[in-house]
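Source: prediction; values computed, not measured. Protein chains get the first letters and strands the later ones, always in sequence-line order, with residue 1 at the start of each.
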Number of protein chains: 2
Amino acid sequence: MPSEDRKKSRVTLLDVAQRANVSRATASLVIRKSPLVGSETRARVEAAMRELGYVYNMGAARLRAERSHTVGVIVPNLMNPFFAELLAGIESAIDSAGMVVILAKSGDLVERQDMVMRRMREHGVDGVIFCPAAGTAPEFLERVDEWNLPLVQVLRHISEGIDYAGADYAGGMRQAVDHLASLGHERIAFAVHGPVHSAYLERVEGFRDAMLARGLDPERIIRVPYQTARIPGAAHLLFETPEKPTAVICFNDVIALGLSAGLHDLGLKVGETFSLIGFDDVAEAEVIRPRLTSVSTAPEAIGETAARLLLDRLADPLLPPRRVVMETRLHVRQSCGPVRPPAP
Amino acid sequence: MPSEDRKKSRVTLLDVAQRANVSRATASLVIRKSPLVGSETRARVEAAMRELGYVYNMGAARLRAERSHTVGVIVPNLMNPFFAELLAGIESAIDSAGMVVILAKSGDLVERQDMVMRRMREHGVDGVIFCPAAGTAPEFLERVDEWNLPLVQVLRHISEGIDYAGADYAGGMRQAVDHLASLGHERIAFAVHGPVHSAYLERVEGFRDAMLARGLDPERIIRVPYQTARIPGAAHLLFETPEKPTAVICFNDVIALGLSAGLHDLGLKVGETFSLIGFDDVAEAEVIRPRLTSVSTAPEAIGETAARLLLDRLADPLLPPRRVVMETRLHVRQSCGPVRPPAP
DNA sequence: CTGAAAGCGCTTACAG
DNA sequence: CTGAAAGCGCTTACAG
């Protein structure tokens, strides 16, 4: 009978205490590394734990102590390598703190996000790090207040009143525009896709502002498909206006990779005949030909920062809300060159 | 005082029951959707839950019921898009089952894997899906037996006695070799990297067997760096033997992407002057130029399968161990061409 | 430094 | 269909 086995195999703190000839309270102190316990006693208890194969029961501890050592992480999706790197950063930091991450994806759907958020509360997470789904209403945060659940926003934000870790998207856009302008480009397009959210807006506005600041036309914005495989086929969209661009800045590297391929298919030579800049600087940027010039947003570092923000808040819930906006840096590789006569 | 707020804000099942004028047991039944409760009563309880903002306390439930609705997932890393896709598949399936995933990475280190595994047991996961770290000793599984913890191996396996979900790597290798051979290639290299584990061995042996079956030399195996950015620079390794290969099959797409770039740097034209086949068929394969011919292993589907295996076992612990090895398919794109006179 | 007692929020038999 | 009681495995004061 497996269920019997299970029952029998559960060794509890009381078993340990008895074996070590101490009370349960003392054994509990040893586990939590309290300095109140004598080293001889401690050693005896630890030996007993080992001999019995004792496994701490976090669930039981949490019930009494109101801390689960668990943090929820909600991302829109996992397919974009960018989010995978972000997640890796979060996981590392949370793990180092001796805690564990409960992962869920929202699919960028607010209803799913609500569901997932509730599920996490049911599981008693100590806090959650989330990248708000596009369209998350600000009212969402009023509800959060009542939950008394520490939250940190990552990459995207919907409220000033809550911790946030992200990157200086607008600054990155400016660097990209400046780089292209310094190469003589004036007709610069911006390729976007996906849902609208704060990071989207900051990039678009960053692009516009940077273009305007140089007296360039900021309205050459094109929308490409969301699905990776369909992006190359959308490259022609760049050339449907009378005054064709000589360069494009991409909303992210997924688009940049796709357009780089699509431009190639159109007979253009990226970095020579046409210039292209990506955004995020994912690992693939180095491995594509021509190598992709891209604005680095260091997702792993952002993830670590977000985790740190949450950990700090758990340590001191009264901390005022913090925003950390990480610097962004243009990683120049090979996908840009000086202007040439307009494309086909 | 936030801690006071916290205390006050905790509404329990008893609060709900009182408000609805029923006993706690009854309230518990409606939560668990028992059919034993009358619909009028049920409605009253549900209304009370809504009005009070009740949140189910999974932790408390687990303590009594011995089920945490939680599954652990351990992967070597998250940076390889392949694992991200696998994870996405697992997460979806687990989520649909109303459970939640606790994520951790092992870094392919057995000590870390041990740590993480213990942490998961402490958190009382109902089971774990893991991709065994390279070097995991078979003895590992003897310990597992005592834990009475349902386990499923994914992608890699160390024991026949435990559920496993993976892909037919050897079959994939055979298809790759056959494809190249049908184009007239005879000197085919195999590019590998990373730690040795079952999936590694199956690919290498699959390659060897397929080559041998055709009377071709199976020993042209080269090791490239593990770090993505350094792979292109290793392409020259292909040509250091006297009899230079005319094609290469890659252990995974990360290598294929890197070598595709490196070959290009060497002045070769992939798909014409030199042929190349990847393994895994990640999204980038479609977006690279030339498009990458790759053996599709459908990581997302494998992830879902692994989750299903675990769910089935939770439902029926007495099930005999199962192995599901998913078919693999060569996705022909543009990176292979007929043999040509040997490379430089 | 150690022990006995109460309690965290549920579920589980067991009666009614 | 509903209620009263016990208990899951810990931690937390509170005495000693």
Nearest-0.5 Å distance that lies between atom CD in B:E122 and atom NE2 in A:H69: 10.0 Å
Tightest non-hydrogen contact, residues A:P299 and A:E85, listed as CG-OE1, 3.4 Å
Under 4.0 Å, counting only non-hydrogen atoms across every strand here, what does B:R32 touch: a base, just sugar-phosphate, or nothing? base
Tell me the stems DNA chain D sits in, counting at least three consecutive Watson-Crick or G-U wobble pairs, each under 3.5 Å on both distances. C:1-3 with D:14-16, C:5-12 with D:5-12, C:14-16 with D:1-3
Assuming nearest nucleotide by heavy-atom distance, tell me which of A:Y54 and B:R64 is located more 5' along DNA chain D. B:R64
Nearest-Å distance for atom pair CG/P, residues A:L63 and D:dC10: 12 Å
Calculate the interatomic distance between A:R62 atom CZ and D:dC10 atom C1'; express it in whole Å. 12 Å
A:R50 bridged to A:E46 by N-O distance under 4.0 Å: no
Filtered N/O pairs between nucleotides 1-3 of chain D and protein, under 3.5 Å:
| from | atom 1 | to | atom 2 | distance (Å) |
| --- | --- | --- | --- | --- |
| D:dC1 | O5' | B:L36 | O | 3.3 |
| D:dT2 | OP1 | B:T41 | OG1 | 3.1 |
| D:dG3 | OP2 | B:S23 | N | 2.5 |
| D:dG3 | OP2 | B:S23 | OG | 3.3 |

Do the rings of B:W147 and B:F140 sit parallel, tilted or perpendicular, given the 30° and 60° boundaries? perpendicular
Less than 4.0 Å between a side-chain N and a carboxylate O, is that true for A:R308 and A:E304? no
Ignoring backbone atoms, establish whether A:S28 has a side-chain N or O less than 4.0 Å from OP1 or OP2 of D:dC10. no
